Amino acid sequence: MRNAIVVFTKVPKAGETKTRLTTERGGILTPEEAMAFYEGCLLDVINVCIEAKSGDIRVCYNHDGDREYLEKLLSRISDRSQIKEVYADRGGNFDQCMQYAADYILKNGASERLADSVIIVGGDLPSLQPSILKDAVCKLEQLATSEYGLKVARKIDNVSQKLGAGLVEGACQEGGFSVVGFTCTTPFDFNRVFYNTDGTTALDMLITKAVRQDIPFGIVEAAPDVDIPVDLASMIPVIKALELAARCDKSIKIPANTIAVLNEIGLESTAVAHR
């Protein structure tokens, strides 16, 4: 099964990137620091994707983002030649942008598709590890080759019946998910996953869609994202733990770029005493 890993990101820009971490929105960072932090995270996520060796790597960025600046940033990753393609979304809301990121690869199962399956990850996951991506691909392959997965796929027209359906996810905090993957024969779309009027969380909507379409479903280790100050405070000790554990476990990928930014800013996490 040919797999693609898509890093779904906005091009970093001061004043528009990770704004909920900035003092203007009640956070602790300047706009420039928030931008630098995200850049560090994004570089580390891409390096993890390269280390995982689990599929062709592509980067999907916001259609109005600065492509030239993104290319400059990508020159800092561990091996730029491992990025198969960089492409822009078509705009719209978050659901529509992520749908395009997947559709560009899978092309509704058509013969000209770029891969049989896609794993999409965000750029703000500093604790993401190669093992998570490897596990996601492994579980997706298991689902897609199962009789259950093949049975679901046979309900779809104009697709190969040799490839079954399957959906995998890795959760993050507040009812969200940070890793999601599915095959081109899976009856799934992102409509109303992130934007819906009934208050359903993204992960709940993902599960609901899987249940309604009877899609074989798998989970992988959670990979928290960083959107607000409490996320950042919670992530700092996790990153320190990864750095220490990597001394004894060579399979751990240290988020070196994120650590460098945090050290430059001088951030530390602290616990609030209970009263």
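Computed from heavy atoms alone, side chains included, the values below leave out hydrogens, waters and symmetry copies. Keep in mind it's a predicted model, so treat the numbers as computed, not measured.
A salt bridge between Asp214 and Lys151 is absent, with no side-chain N of the basic residue lying under 4.0 Å from a carboxylate O of the acidic one. Between Lys139 and Glu169, no side-chain nitrogen of the basic residue sits less than 4.0 Å from a carboxylate oxygen of the acidic one, so the salt-bridge criterion is not met. Taking the charged nitrogens against the carboxylate oxygens, Asp189 and Lys209 do have a contact shorter than 4.0 Å, which makes a salt bridge. Salt bridge absent: Lys107 and Glu112 never bring a charged side-chain N and a carboxylate O closer than 4.0 Å. Using a 4.0 Å cut-off between a side-chain N of Lys or Arg and a carboxylate O of Asp or Glu, Glu39 and Lys13 do not qualify as a salt bridge.
The closest side-chain donor-acceptor pair between Gln173 and Asp225 falls under 3.5 angstrom. Side-chain contact annotation: Thr186 with Thr183, donor-acceptor N/O pair under 3.5 Å present. Side-chain N/O atoms of Asp44 and Asn257 include a donor and acceptor closer than 3.5 Å.
Interatomic distance, Asn108 CG to Cys184 SG, rounded to the nearest 0.5 Å: 8.5 Å. A distance of 4.5 Å separates CG of Asp227 from CZ of Arg20, quoted to the nearest 0.5 Å. Distance check: Leu42 CG to Lys10 NZ gives 13.5 Å after rounding to the nearest 0.5 Å.
Remark: Ile219 CD1 is loosely packed, at most 12 non-hydrogen atoms of other residues, nucleotides or ligands lying under 6.0 Å away. Heavy atoms of other residues, nucleotides or ligands lying less than 6.0 angstrom from CD of Glu221 number 12 at most. Heavy atoms of other residues, nucleotides or ligands lying less than 6.0 angstrom from CD of Glu24 number more than 12.
Closest heavy-atom contact between Arg192 and Asp95: N-OD2, 3.2 Å. Listed here is the closest heavy atom pair of Phe190 and Gln99: N-OE1, 2.7 Å. For the residue pair Asn3 and Ser117, the shortest heavy atom distance occurs at OD1-OG, 2.8 Å.
Two rings, from Phe177 and Phe194, have their centers less than 6.0 Å apart. Here Phe8 and Tyr100 keep their ring centres 6.0 angstrom or further from each other. Taking the six-membered ring wherever Trp is involved, the centroid distance between the rings of Tyr104 and Tyr87 falls below 6.0 Å.
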Pair up each side-chain donor or acceptor in residues 124-132 with any protein partner under 3.5 Å, not counting sequence neighbours, and list the distances.
unit_1: Asp124; atom_1: OD2; unit_2: Lys18; atom_2: NZ; d: 2.5
unit_1: Gln129; atom_1: OE1; unit_2: Lys253; atom_2: N; d: 2.7
unit_1: Gln129; atom_1: NE2; unit_2: Lys253; atom_2: O; d: 2.9

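Without hydrogens or angle criteria, Thr23 side chain to Ile28 main chain gives no donor-acceptor distance under 3.5 Å. For the pair Ser178 (side chain) and Ala223 (backbone), a donor-acceptor distance under 3.5 Å is present. A donor-acceptor pair under 3.5 Å is absent between the side-chain atoms of Thr17 and the main chain of Ala14, judged by distance alone. In terms of modelled atom types and a separation under 3.5 Å, the side chain of Thr208 and the main chain of Leu206 share no donor-acceptor contact. Using modelled atom types, one side-chain atom of Gln96 and one backbone atom of Asn93 make a donor-acceptor pair closer than 3.5 Å. In this structure, Asp204 contributes its side chain and Ile207 its backbone to no donor-acceptor pair below 3.5 Å.
Between Leu106 and Phe182 there is a side-chain heavy-atom pair separated by less than 4.5 Å.
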Show your working on salt bridge (Lys or Arg N to Asp or Glu O under 4.0 Å) between Arg67 and Glu71 and close with a plain yes or no.
CA-CA 6 Å; Arg67 172 66 179 262; Glu71 288 292 350; 3.1 Å; yes
For the pair Lys84 and Ile57, evaluate side chain to side chain contact (heavy atoms under 4.5 Å, CB included) and give the outcome as yes or no after the intermediate values.
CA-CA 5 Å; Lys84 186 81 170 180; Ile57 303 168; 5.7 Å; no
Pair Val168-Val180, side chain to side chain contact (heavy atoms under 4.5 Å, CB included): steps then yes or no
CA-CA 6 Å; Val168 297; Val180 62; over 6 Å; no
